[in-house]
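This report concerns only the one structure given below.
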Amino acid sequence: MATILPILLSFLIGLTLVRGDTVIVPGATWTDTSGNVIQAHGGGILTVGNTFYWFGEDKASNSDLFTAVSCYSSTDLLTWSRQNDALTPIAGTMISSSDIVERPKVLYNQKNSEYVMWFHSDNSSYGAAMVGVATSKTPCGPYTYQASWKPFGADSRDMGLFQDTSQTSYLLYASDNNQNFKISMLDSNYYNVTTEVGVLTGATLEAPGIVKRNSIYYLFASHTSGWAPNPNKWFQAPSLSGNWSAQADIAPEPVRTYFSQNNYDLPLGSNAIYMGDRWRPTLLGSSRYIWLPLDWSTGSPQLVWADVWSVDLAAGTYSIANGTTYEAESGTLGGTATLLTDSSFSGGEAVGYLGNGGTVTLSNVQGNGKDQWVSLYYANGDSTWRNVTVSVNGGPTTLVDQPDTGGGHVILSVPVKLTLNSGSNSITFGSNQSNYAGDLDKIVVYTQG
Ligand SMILES: *[C@@H]1O[C@H](CO)[C@@H](O)[C@H](O)[C@H]1NC(C)=O
Ligand SMILES: *[C@@H]1O[C@H](CO)[C@@H](O)[C@H](O)[C@H]1NC(C)=O
Ligand SMILES: *[C@@H]1O[C@H](CO)[C@@H](O)[C@H](O)[C@H]1NC(C)=O
Ligand SMILES: *[C@@H]1O[C@H](CO)[C@@H](O)[C@H](O)[C@H]1NC(C)=O
Ligand SMILES: *[C@@H]1O[C@H](CO)[C@@H](O)[C@H](O)[C@H]1NC(C)=O
Ligand SMILES: *[C@@H]1O[C@H](CO)[C@@H](O)[C@H](O)[C@H]1NC(C)=O
């Protein structure tokens, strides 16, 4: 045994490396098993046995016009292999390549042994405000387009679906010019709505998801601010017809849901996984995915920020990786870089005026000789996207995008995978760039790659 165990372990580690990431890293560029960037925005998950299917909008064109509803499959939520497209444009219909197909969600209809996809179906000015339905006998289809229409003759824009334990299912949708949020029961085929069961009048909600936990329904939704993030909310009710509790935040308001918008909420044991989109409207195909633990341990559903984390699907639990923190203010400042003082920064300080002549170098950063995730905690101080160069041990720079933090000293983190030497490393930020980077608060180095 003593000799077999190390061999077994190295075999398992070898497998892990071949399979790619073993951790969820919100905001990183997620790739599929072919190495292509995952294009499944505004998505939803369908679970069939042990397999997860992730449907979403393919935005590789960077346009909001319809190109495809993609379908990816995975058994671990980490390794995604792209299947055939589930839905593609049909000229002369409401799903032509000059129309909008967003937020695809799929349910399995037991009665008909059929998969039914619902989506926000619209024209290019978002003026049609319809739902669309397509059906298939297999999870990834391709799906047969059925129709687009206004449920009960009223608007339907950002939407989701919820399948109750009884199999009765519901459309969740922003209606009446996004003013009223509605929940309507589907017929037993899941082809149409039959009864409006609940309205949150004047709620201005969109991007909904529902999780049922201990017989209580929890609704998650954002408010309406276009592609820009806002503080997403939760509501609870004993029934889908209400009464819904007053709205409450799922994360501290200033971080605007860690710059994301809800798209789906997947139950995980007694908690859930929040799945959000970090939209990048000027480069839609580079919008990233923010998946985070949605945890009830405080008594209400709250997002837990995690740079690097993993799920144990069998146990229904999650685990957040621990990294080693290096404060930016402990580094060596170069050029015009300046120490900034504010209580919102870790340690009360950060380094500002990086880029455009300012640098900071963190020395003695311990590495393990492998590719490792490093999270950069930063604040942009204004409502713009920035970026920062990172150079390890004097090597070539890697450019890391720094999404708009919303102004002030709101701090977000973005991940970058770096190859660190085993032992000490020096990492320089802001060299070789003529634009200003975000203010750097700290970095956290993880052992995982
Ligand atoms: C979209 O549909 C609305 C409602 O019919 C219409 O007013 C608008 O002109 C349409 N937009 C385009 C680009 O066709
Ligand atoms: C949905 O039902 C309404 C009647 O309640 C009907 O007018 C509409 O055509 C139906 N839509 C589809 C796609 O069957
Ligand atoms: C729902 O709220 C209304 C108004 O606040 C109240 O009159 C009603 O009793 C509530 N219903 C339940 C079931 O709590
Ligand atoms: C991270 O540290 C905490 C506190 O020491 C510990 O409870 C947790 O298990 C650690 N997480 C991992 C993934 O090791
Ligand atoms: C880096 O950020 C600046 C704004 O600070 C922007 O003008 C530039 O286009 C960005 N570079 C890249 C490659 O995205
Ligand atoms: C500096 O940045 C340019 C792109 O702006 C890049 O081509 C070059 O390789 C970078 N130099 C170093 C040393 O990283």
Side-chain angles (χ1 to χ4, degrees), residues 22-25 29 62 93-95 112 116-119 121 128-135 143-154 156 159 169 171 173 182 184-197 280-288 293 295 297 304-312 315 317-325 352-358 372-373 375-376 378-390 396-405 407 414 416 429-440 444-448:
T22 58
V23 284
I24 299 172
V25 183
T29 305
N62 289 325
T93 72
M94 270 299 298
I95 63 162
N112 298 335
V116 186
M117 178 191 295
W118 285 62
F119 51 88
S121 181
M130 296 180 175
V131 281
V133 165
T135 55
Y143 281 69
T144 305
Y145 174 58
Q146 301 295 345
S148 297
W149 74 101
K150 283 177 177 284
F152 305 117
S156 177
M159 43 63 71
S169 294
L171 175 67
Y173 55 115
K182 298 180 182 173
S184 291
M185 190 187 291
L186 307 188
D187 64 31
S188 63
N189 298 317
Y190 303 167
Y191 292 165
N192 204 339
V193 290
T194 56
T195 325
E196 192 176 284
V197 300
R280 187 168 188 180
T282 55
L283 211 56
L284 272 176
S286 296
S287 299
R288 302 287 173 234
D295 188 297
S297 59
V304 182
W305 177 258
D307 290 326
V308 175
W309 64 293
S310 57
V311 293
D312 181 334
T317 56
Y318 69 89
S319 164
I320 296 179
N322 294 309
T324 306
T325 297
Y353 296 92
L354 291 174
N356 203 14
Q372 292 175 246
W373 285 110
S375 288
L376 316 184
Y378 71 98
N380 283 355
D382 57 18
S383 294
T384 60
W385 284 62
R386 299 194 191 192
N387 44 55
V388 64
T389 61
V390 183
T397 51
T398 301
L399 195 67
V400 182
D401 288 319
Q402 296 175 306
D404 155 27
T405 51
V414 281
V416 57
F429 299 89
S431 62
N432 191 31
Q433 74 179 109
S434 54
N435 55 298
Y436 282 115
D439 303 329
L440 190 66
V444 182
V445 178
Y446 294 91
T447 54
Q448 290 87 346

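Side chains are part of it too, since the values below use all heavy atoms of this structure and drop only hydrogens, waters and symmetry mates. Since the model is a prediction, treat every value here as computed from it, not as a measurement. Order of appearance sets the numbers: ligands from 1, and atoms from 1 within every ligand.
Salt bridge annotation for Arg386-Asp401: absent, with no cationic side-chain nitrogen under 4.0 angstrom from a carboxylate oxygen.
Between Asn387 and ligand 5, at least one N/O pair is under 3.5 Å apart. Considering backbone and side-chain N/O atoms, Asn435 comes within less than 3.5 Å of an N/O atom of ligand 5.
With ligand atoms numbered from 1 in the order given, ligand 2 contributes 1 (C), 2 (O), 3 (C), 8 (C), 10 (C), 11 (N), 12 (C), 14 (O) to contacts under 4.0 Å with heavy atoms of Asn192. Close contacts of ligand 2 with Ala147, meaning ligand atoms under 4.0 Å from a residue heavy atom, involve 13 (C).
Smallest separation of non-hydrogen atoms from Gly438 and Gln402: N-OE1, 2.8 Å. Closest non-hydrogen pair, Phe152 versus Ser184, comes out as CE1-OG, 3.4 Å.
For a heavy-atom separation below 4.0 Å, the residues in contact with ligand 4 are Ser319, Ile320, Asn322.
Within a 6.0 Å sphere centred on OH of Tyr145, heavy atoms belonging to other residues, nucleotides or ligands number more than 12.
Remark: side-chain polar atoms of Thr144 are not paired, donor with acceptor, to backbone N or O of Ala134 under 3.5 angstrom. Between the side chain of Ser287 and the backbone N or O of Arg280 there is at least one donor-acceptor pair closer than 3.5 Å. Side-chain atoms of Gln433 come within 3.5 Å of backbone N or O of Thr389 as a donor-acceptor pair.
For Leu399, every heavy-atom contact with ligand 5 shorter than 4.0 Å involves the side chain, none the backbone.
Note: Leu399 CG to Asn387 CG = 4.0 Å, rounded to the nearest 0.5 Å.
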